[in-house]
Each structure stands twice: as structure tokens, then as C-alpha cells.
Amino acid sequence: MAEKSNQVTRDLQRRINLLVRETLKDIRTEALDEFDRNFEREAFFNEKWARRKFNDDKSRGLLIRTGNLRRSITGRVTDRDSVVIETTEPYARIHNEGGTITVTRKMKAYFWYRYQTVTGGKAADGFSNNLQRKKNGAPRNNKRNRALTAEAEFYRAMAMKKAGSKITIPKRQFIGNHPDLEKLLKEIFYNNAKNFDAL
């Protein structure tokens, strides 16, 4: 009788462990999918991100230039029965939480470089953003040039900032807790629990 009771207990524990493992895997998948969708929504679920102040080119998504930030989001199930979602990009936190950064000489040099690249002062690997010019050298008055001029003005304004001054980065959260996510995760748990007998 005791042996049968132990067998039932072991079988129940095995099924509970399987339920937990499968639920955590499903939670990981769903959370990663929702956080990725935030880049498409340009919002943290239903909370819209702030638009750019300069060069708000709506054809290029917010927080997407190279796509590295979006691709860097990963998730894993830990041996402590939890799910960790993280990113390896060092600038992810300032975008996710917002805040201020201090202008450095290195940043100023980068902004001058980008300004020269956009206006045609220098060639740059991977960028073909030079202004289109007339035969006399004057910039053409077309949509592409107007967008590049706005971008150039942004880079010039950033390059002109004093080293040590502050730049405010608006919060554009893409990872974190949200009521919509909690609702989805509860649904995963309840759906998996319904199938407990089948495990």
C-alpha cells in the first residue's frame, strides 16, 4: 500500500514538474513575441512611444536604425523555475527607462562625423545619405534632401552641445511588466493547467 502511495506521489510530482517546465517555455515564447511586437506598435503595449523631436522620419521606426536592439532581446528559463528576459545592448536601459546622458567629446565627434556624412562632407561605410546636388553644387530642393537636411541639423545641434551638458532621452519602454502581458501569461497558465490530466 505504501509503495503504491509513493508511486502515485512520484507520478504526480513528475506531472507537476512537466506542467511547470512547459508553462515556463510558453511564457518565455509569449513574452518575447509581445516585446518584439512593441517595436511594430511603437508602443509599450498600448502606451505610445514619444516621437522624435528632430527628423521624425515616420518611414523609419522608432528605436530602429540597425535593428540590433530589437534582435538583442533574448529569454531563458532558469533552473529556479523562472523566466528571464534580457538584452545585451548597453544602451537598452536608457531607452527602456528614459533618463539623461552626459555629452562627451567622443559623442560630439561622432555627431560631427554624422553631420559631415549626411551633408556629403565625408564618405562613410554603409551610408549613402549624401545630399543630391545641382550642377552648380547647390543642394536640390527635393523630399530626400529635405529629410537629410533635417537629419543634418539634428546632428549639428547635437555636435554643438557643450561637453558635460545633459541630453534627455525619453522613456520608450519595450521590456517589462504590463497588465496586458499579465493577462496573457495567466491565460497560458490556465490553458496548460486544463491539460494537466493529459500529462
Side-chain angles (χ1 to χ4, degrees), residues 9-104 106-107 110 114 125-127 151 154 158 166-199:
T9 302
R10 283 195 300 272
D11 185 54
L12 181 62
Q13 187 61 55
R14 179 193 63 78
R15 290 165 60 211
I16 290 171
N17 290 345
L18 184 57
L19 172 66
V20 169
R21 275 197 313 273
E22 291 305 310
T23 301
L24 290 173
K25 284 181 191 173
D26 292 345
I27 286 172
R28 174 192 166 276
T29 301
E30 187 66 32
L32 284 173
D33 191 42
E34 287 300 321
F35 295 150
D36 185 67
R37 272 197 211 124
N38 285 331
F39 288 87
E40 293 170 18
R41 293 186 275 247
E42 295 191 348
F44 185 58
F45 294 89
N46 58 352
E47 300 163 21
K48 287 287 182 191
W49 291 343
R51 297 300 311 176
R52 296 181 195 92
K53 287 185 180 177
F54 299 96
N55 186 33
D56 192 11
D57 178 5
K58 293 185 180 181
S59 67
R60 180 172 70 86
L62 293 169
L63 296 187
I64 297 176
R65 182 172 181 86
T66 63
N68 289 343
L69 178 60
R70 186 176 184 177
R71 284 191 301 271
S72 74
I73 301 169
T74 59
R76 59 189 166 86
V77 176
T78 72
D79 56 0
R80 296 187 179 191
D81 293 335
S82 63
V83 176
V84 174
I85 306 292
E86 57 196 351
T87 171
T88 54
E89 290 296 335
Y91 54 86
R93 173 175 258 168
I94 192 74
H95 287 299
N96 197 55
E97 298 172 6
T100 58
I101 56 175
T102 304
V103 175
T104 64
K106 188 174 180 180
M107 287 169 63
Y110 170 77
R114 289 299 296 136
D125 294 334
F127 296 104
E151 186 176 4
F154 166 73
M158 297 302 283
K166 305 286 184 190
I167 299 173
T168 300
I169 305 295
K171 179 179 180 178
R172 293 186 179 113
Q173 189 171 3
F174 51 91
I175 292 177
N177 201 9
H178 190 276
D180 289 356
L181 181 63
E182 286 181 19
K183 184 179 173 186
L184 288 168
L185 301 185
K186 281 178 186 174
E187 285 175 14
I188 289 171
F189 175 77
Y190 291 136
N191 288 337
N192 286 4
K194 280 184 206 173
N195 299 321
F196 182 71
D197 290 335
L199 295 174

Looking at CD1 of I73 and CD1 of I175, how far apart are the two atoms once the value is rounded to the nearest 0.5 Å? 4.0 Å
Determine whether a donor-acceptor pair (N or O, by modelled atom type, separation under 3.5 Å) exists between the side chain of N191 and the backbone of E187. yes
Who pairs with T168 by side-chain hydrogen bond (donor to acceptor under 3.5 Å, both in side chains), at least two apart in sequence or on another chain? none
R76 vs E86 side-chain heavy atoms within contact, under 4.5 Å: yes
For T102, all residues meeting side-chain hydrogen bond (donor to acceptor under 3.5 Å, both in side chains), sequence neighbours excluded: K166
If I compare all heavy atoms of L69 with all of A92, which pair ends up nearest, and what's the gap? CD1-CB, 3.6 Å
Quick one: list whatever passes salt bridge (charged side-chain N to carboxylate O under 4.0 Å, His left out) with K171, sequence neighbours left out. none
To the nearest 0.5 Å, atom OG1 of T23 lies from atom CD1 of I188 at 8.0 Å
Is there a side-chain contact between R14 and D11 in this structure, where contact means two heavy atoms from C-beta onward sitting under 4.5 Å apart? yes
Sequence neighbours excluded and cut-off under 3.5 Å, please list the side-chain donor-acceptor pairs for residues 178-186, or say none.
from	atom 1	to	atom 2	distance (Å)
H178	ND1	D180	N	3.0
H178	NE2	N46	OD1	3.2
H178	NE2	E47	OE2	3.2
E182	OE2	N177	ND2	2.8

Between the main-chain N or O of F45 and the side-chain N or O of N38, is there a donor-acceptor pair closer than 3.5 Å? yes
So, R28 side chain and V83 main chain: donor-acceptor pair closer than 3.5 Å or not? no
How would you list, by chain and number, every residue that makes a side-chain hydrogen bond (donor to acceptor under 3.5 Å, both in side chains) with T104, sequence neighbours excluded? none
Taking R21 as the fixed residue, which of L19, N17, L24 is the one that meets the side chain to side chain contact (heavy atoms under 4.5 Å, CB included) rule? N17
Is there any salt bridge (Lys or Arg N to Asp or Glu O under 4.0 Å) pair reaching into residues 88-103, and which pairs are they, with sequence neighbours excluded? R93-E97
Sequence neighbours left out, what passes salt bridge (charged side-chain N to carboxylate O under 4.0 Å, His left out) with R70? Give chain and number order. D36, E40
Would you please name every residue forming a side-chain hydrogen bond (donor to acceptor under 3.5 Å, both in side chains) with T100, sequence neighbours left out? none
CG on D26 to CZ on F189, rounded to 0.5 Å: 12.5 Å
Checking I101 now: which residues fulfil side chain to side chain contact (heavy atoms under 4.5 Å, CB included) with it, not counting sequence neighbours? I94, M107, I167, I169
Residues at least two apart in sequence or cross-chain that pass salt bridge (charged side-chain N to carboxylate O under 4.0 Å, His left out) with E34, listed by chain then number, are R37, R41
So the ring pair (Phe, Tyr, Trp, His ring centres under 6.0 Å) pairs with at least one residue in residues 20-39 (sequence neighbours excluded) are F39-W49, F39-F174
